[in-house]
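All values below come from the heavy atoms of this structure, side chains included, with hydrogens, waters and symmetry mates left out. Whatever order the structure lists them in is the order used to number ligands and atoms, beginning at 1.
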Amino acid sequence: MKKLQSFNPSAKEGSILIMTAVEAEREAVLRGLSGNPRFVVELAGVGAASAAALTAGQLAAGGYRAVISAGIGGGFARIAPMESVVVATSIIAADLGAETAEGFSSVDELGFGSSRLPVDADTAAHWTQLLAAGGLQACAGPVLTVSTVTGTAATAAALTERVPGAAAEAMEGYGVGIAARAVGVPVFEIRAISNLVGPRNRAAWRIKEALQSLETAFHILTEVL
Ligand SMILES: O=C(O)c1cccc(C(=O)CC[C@H]2O[C@@H](n3cnc4c(=O)[nH]cnc43)[C@H](O)[C@@H]2O)c1
């Protein structure tokens, strides 16, 4: 498996591939990009397996200089409030491992590889600053990839203990990142917060507002990418 290349923000050769889980997210990103031809926005489906397979399919064509996993996500309340935008500083498969009598063991601890994909730190910090300057509430931090949307305070607490500083959770980033790593393309993740990680309350999700934040984020970033 190839190592991730570093991202050169001033190089304009090649397109940027953006993978969203569902069509509503894809449309929000496309509105933000307003026809910028340097971007390709495709569907990853829900979950890391679908995201890995469909991202790999897109990357097989070649010519991409970066991949972004983008969409709505759950925010960890003390770090990423509703409608804010999180730029990942790392992408972590937070439930990939084994349950033991002593608690959860990650694949890293089990010796089966790594659950953590690094993200270019300078780029993540730069994008976060741009989003904040553009009027969004933005922060940078680890984004977790989970197979099951967190629905209890106990699971939220276990995840923050597992990954201190975790900013958001979603379901595709790690899959997108594994496909990117396989061909040596840098990966990023951007999540607009539609709900807080914790006790399930679907009525409190603010999907429309989060999609608006997602659109605004890409409107801001299209100027620099
Ligand atoms: O119902 C709709 O109109 C609608 C519009 C856009 C997106 C959706 C989704 O349900 C997207 C699913 C997608 O969202 C991510 N997500 C959002 N919140 C969480 C969370 O708390 N924990 C994990 N994932 C979350 C996830 O990446 C899903 O693929 C609906």
Short N or O separations between ligand 1 and the protein, below 3.5 Å:
residue  : atom   : partner : partner atom : Å
ligand 1 : 18 (N) : G74     : N            : 3.4
ligand 1 : 18 (N) : N195    : OD1          : 2.9
ligand 1 : 21 (O) : N195    : ND2          : 2.7
ligand 1 : 22 (N) : E169    : OE2          : 2.6
ligand 1 : 27 (O) : M171    : N            : 3.1
ligand 1 : 27 (O) : E172    : OE1          : 2.6
ligand 1 : 27 (O) : E172    : OE2          : 3.4
ligand 1 : 27 (O) : R191    : NH1          : 3.4
ligand 1 : 29 (O) : E172    : OE1          : 3.4
ligand 1 : 29 (O) : E172    : OE2          : 2.5

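Salt-bridge formation is not detected for the pair E83/K208: no Lys NZ or Arg NE/NH1/NH2 atom is positioned less than 4.0 Å from an Asp or Glu carboxylate oxygen.
Judged by distance alone, the side chain of Q129 and the main-chain N or O of H126 form no donor-acceptor pair under 3.5 Å.
Heavy-atom neighbours of E99 CD from other residues, nucleotides or ligands within 6.0 Å: at or below the threshold of 12.
Residues forming a side-chain contact (heavy atoms from CB on, under 4.5 Å) with T155 (at least two apart in sequence, or on another chain): T150, T152, L159.
Both the sub-6.0 Å distance and the 45° axial angle are not jointly satisfied by R31 relative to the ring of F218.
Contact annotation: the side chain of I178 never approaches that of V187 to less than 4.5 Å [non-hydrogen atoms, C-beta and beyond].
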